[in-house]
**Student:** 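The structure that follows is given in the form of structure tokens.
Throughout, protein chains are lettered first and strands after them, A, B, ... in sequence-line order, and every chain is numbered starting at 1.
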There are 2 protein chains.
Amino acid sequence: MGELVSSNEETCRWRRRKEERPAEILAAALKNFSSKGFAATKLAEVAKEAGVSKGTLYLYFESKEALFKAVVNEFVLPQIAKAEEQAEQNTGSIKHLMVKLVEQWRINILETELSGITKMMIAEASNFPELATFYLENVIQRTRGFVANLIKLGIERGEFRQCNYDYAARAFLSPMVFSAIWQHSLAPFDDSYDMNEYLNIHLDIFLRGISKDSLG
Amino acid sequence: MGELVSSNEETCRWRRRKEERPAEILAAALKNFSSKGFAATKLAEVAKEAGVSKGTLYLYFESKEALFKAVVNEFVLPQIAKAEEQAEQNTGSIKHLMVKLVEQWRINILETELSGITKMMIAEASNFPELATFYLENVIQRTRGFVANLIKLGIERGEFRQCNYDYAARAFLSPMVFSAIWQHSLAPFDDSYDMNEYLNIHLDIFLRGISKDSLG
DNA sequence: ATAAAATAACTGACCGGAAAGTTATTTAAT
DNA sequence: ATTAAATAACTTTCCGGTCAGTTATTTTAT
């Protein structure tokens, strides 16, 4: 943990590492925001884990809020881009693509620290309006729009029945979001919830519910 | 709000009102915990809204955590008891009872300050393990068990298909919990989500998904 | 009835610790 | 020698919890 110097154990108290600092700080910030939430994250702890002093944090990020926004830009937005690309390259059915998207959610979000960011934002939005609008505009609305478009396409193709695709997108996404929330709130105190099972059931119900034919 | 004396505007700085204090403090605490969350709630503010000094709070409640537990006992548990009674007195189908339960959720939880308690607990469970286990044992497990029993009964009666009724209970409850969470997190910043619509769609999908016949 | 004494409800200034953010100083690198 | 990266000590603010003192109310004595 507290490794300050690399190989040559020189008599250096610290090194100048302008290039590497941001990435190391962001990694520590992600870990802390994810596990503790925004308010409960201590910048002193982030600094310690990044192997720098608290002051150094402020050399690279203006404030705690700026640091969080940087975490979102660095780690969350690329995931959305990835999903969008996967959709573009999709050649099979929309239904199949949606199964794949849930699978990607599991692997890339739920089972990584990113689920903690999802939970954190939902949990603390009301206490940090500035972050709330940032996250809403850059993450939520973009994701919702992306899924809504997908469903719209499914309807046009005759895979899905006529429905309000905007609400259908919410119905599709909310259990995924819920899984992230639960995992970082009461699941650790509960006899462990099988998230895979939970997501499978919801996906099954959703696809059944939206299909043109009643079998899904 | 800051009414200290009732009718006669006497030259009293305060009155002794041992009987009324707890209820007034609990009401102010509910309001604050609901809108701000646990950590962000300031006891000085609760005291002010209850018309007492901060010190008086500690005459009636041992700590912030004890105050929160009292709020749950006073306002949340009676709602669960109410639902349990309604289930006992039910003469129609289980399916119909579940529609009614969602309706009650809307009226008694979602559209009241209690939805804020639901959200608060999910949001801050990880930072307050003591409260988390208290809430899990007294609220979550009791509610989940109640619904699981209902679904089990529905299966025995032939209304529902064979399924893991424990997970089915989670599938039934999680969108309700999600509605409360969303309402107190990003909904205020979003173009307003129609929660009724959201709940209706989920109820429809759930009942379709669990029915023995495919129509629901 | 009245007033003094006793009681307990209530107040609010204060304490201690914690954490965000700042800055004077030190140290590495060139 | 000079620059700038990094530090560590500092300031400020905030809040849960405490407690010594104040005041409304009740009780006792006359």
Side-chain angles (χ1 to χ4, degrees), chain A residues 2-26 28-29 32-33 35-71 124 127-128 130-131, chain B residues 2-25 28-29 32-33 36-71 124 127-128 130-131:
Chain A
E3 300 294 301
L4 279 178
V5 279
S6 47
S7 46
N8 308 347
E9 189 70 32
E10 324 207 28
T11 50
C12 268
R13 305 224 291 123
W14 45 265
R15 298 284 186 85
R16 307 177 109 187
R17 292 168 64 244
K18 191 179 165 66
E19 310 305 322
E20 295 89 339
R21 296 303 190 203
E24 292 169 352
I25 292 168
L26 284 171
N32 276 268
F33 285 140
S35 63
K36 300 187 180 63
F38 187 78
T41 285
K42 303 168 201 174
L43 292 188
E45 177 66 20
V46 171
K48 191 181 166 193
E49 286 177 28
V52 295
S53 71
K54 189 152 59 85
T56 301
L57 244 53
Y58 286 88
L59 256 35
Y60 297 96
F61 303 95
E62 224 183 19
S63 64
K64 198 181 187 185
E65 295 212 353
L67 180 58
F68 175 73
K69 287 184 185 180
V71 165
E124 306 190 55
N127 296 123
F128 302 96
E130 167 66 21
L131 293 184
Chain B
E3 300 293 301
L4 279 179
V5 280
S6 48
S7 46
N8 308 347
E9 189 69 32
E10 325 206 27
T11 50
C12 267
R13 303 221 289 123
W14 46 266
R15 297 283 186 89
R16 305 177 108 190
R17 292 170 64 247
K18 190 181 164 67
E19 311 303 323
E20 294 89 338
R21 297 300 190 204
E24 292 169 353
I25 292 169
N32 276 267
F33 284 140
K36 300 187 180 64
F38 187 78
T41 285
K42 302 169 201 175
L43 292 188
E45 178 64 20
V46 171
K48 192 182 166 192
E49 285 177 29
V52 296
S53 71
K54 192 149 60 86
T56 300
L57 244 54
Y58 286 88
L59 256 34
Y60 295 97
F61 303 96
E62 226 183 17
S63 65
K64 198 181 187 183
E65 295 211 354
L67 179 59
F68 175 73
K69 288 183 185 179
V71 165
E124 306 190 56
N127 295 123
F128 302 95
E130 167 67 23
L131 292 184

**Student:** Starting at atom NZ of A:K64, determine the distance to atom P of C:dA18, rounded to an integer number of angstrom.
**Tutor:**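 Going from A:K64 (NZ) to C:dA18 (P), I get 15 Å.
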**Student:** Starting at the 5' end of nucleotides 22-30 of chain C, put B wherever the base has a protein heavy atom under 4.0 Å, S where only the sugar-phosphate does, and a dash everywhere else.
**Tutor:** B----BBS-
**Student:** To the nearest 0.5 Å, how far apart are CD1 in B:I25 and CG in B:L67?
**Tutor:**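 Going from the CD1 atom of B:I25 to the CG atom of B:L67 covers 7.5 Å.
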**Student:** Can we say B:E62 and B:K69 salt-bridge, meaning some charged N sits less than 4.0 Å from an Asp/Glu carboxylate O?
**Tutor:**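 Looking at B:K69 together with B:E62, the answer is no, because their closest N to O distance does not fall below 4.0 Å.
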**Student:** For the pair made of CD in A:E19 and C1' in D:dA5, what is the distance, rounded to whole Å?
**Tutor:**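 Roughly 12 Å, once rounded to whole Å.
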**Student:** Given atom CD1 of B:I25 and atom P of D:dG17, what is their separation to the nearest angstrom?
**Tutor:**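 Distance check: B:I25 CD1 to D:dG17 P gives 14 Å.
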**Student:** Check whether any side-chain N or O of A:K42 sits under 3.5 Å from a backbone N or O of A:N32 as a donor-acceptor pair, and report yes or no.
**Tutor:**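 No: the side chain of A:K42 does not pair with the backbone of A:N32.
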**Student:** Please test A:E45 against A:K36 for salt bridge (charged side-chain N to carboxylate O under 4.0 Å, His left out), starting from the C-alpha separation and ending with a verdict.
**Tutor:** CA-CA 11 Å; A:E45 177 66 20; A:K36 300 187 180 63; 5.2 Å; no
**Student:** Which is true for A:L43 with a 4.0 Å heavy-atom rule: it touches a base, it touches only sugar-phosphate, or it touches nothing?
**Tutor:**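 A:L43: backbone/sugar contact only, no base atoms under 4.0 Å.
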**Student:** Rounded to the nearest Å, what distance is computed from the NZ atom of residue B:K48 to the P atom of nucleotide D:dC15?
**Tutor:**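 In whole Å, D:dC15 P and B:K48 NZ are 13 Å from each other.
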**Student:** Rounding to a whole Å, what distance do you find between B:E24:CD and C:dC10:C1'?
**Tutor:**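 The distance from CD of B:E24 to C1' of C:dC10 comes to 14 Å, rounded to the nearest Å.
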**Student:** Output the single nucleotide from C:dA9, D:dA5, C:dC10 whose closest atom is nearest the side chain of B:R21.
**Tutor:**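 Selected nucleotide: C:dC10.
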**Student:** To the nearest Å, give me how far apart NZ (B:K36) and C1' (D:dG16) are.
**Tutor:**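 About 16 Å, once rounded to whole Å.
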**Student:** Return the CZ to OG1 distance between B:R21 and B:T56, rounded to the nearest 0.5 Å.
**Tutor:**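 Between B:R21 CZ and B:T56 OG1, I get 6.5 Å after rounding to 0.5 Å.
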**Student:** Taking the inter-plane angle between the rings of B:F38 and B:F128 on a 0 to 90° scale, is it parallel (under 30°), tilted (30 to 60°) or perpendicular (over 60°)?
**Tutor:**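 Perpendicular: the ring planes of B:F38 and B:F128 meet at over 60°.
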**Student:** With heavy atoms under 4.0 Å as the rule, sort A:Y60 into base, sugar-phosphate or nothing.
**Tutor:**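 Sugar-phosphate only.
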**Student:** According to a strict under-4.0 Å criterion, is B:S53 in side-chain N/O contact with OP1 or OP2 of C:dC10?
**Tutor:**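 The answer is no; no side-chain N or O of B:S53 sits under 4.0 Å from OP1 or OP2.
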**Student:** Atom NZ of A:K18 to atom C1' of D:dA4: distance rounded to whole Å?
**Tutor:**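 Taking NZ of A:K18 and C1' of D:dA4, I get 8 Å after rounding.
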**Student:** Please give, in whole Å, the distance from C:dA18 P to B:K42 NZ?
**Tutor:**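 The distance from NZ of B:K42 to P of C:dA18 comes to 20 Å, rounded to the nearest Å.
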**Student:** So, for B:K54 and B:L43, which heavy atoms are closest and what is the spacing to 0.1 Å?
**Tutor:**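 That closest heavy-atom pairing would be CD-C, 4.2 Å.
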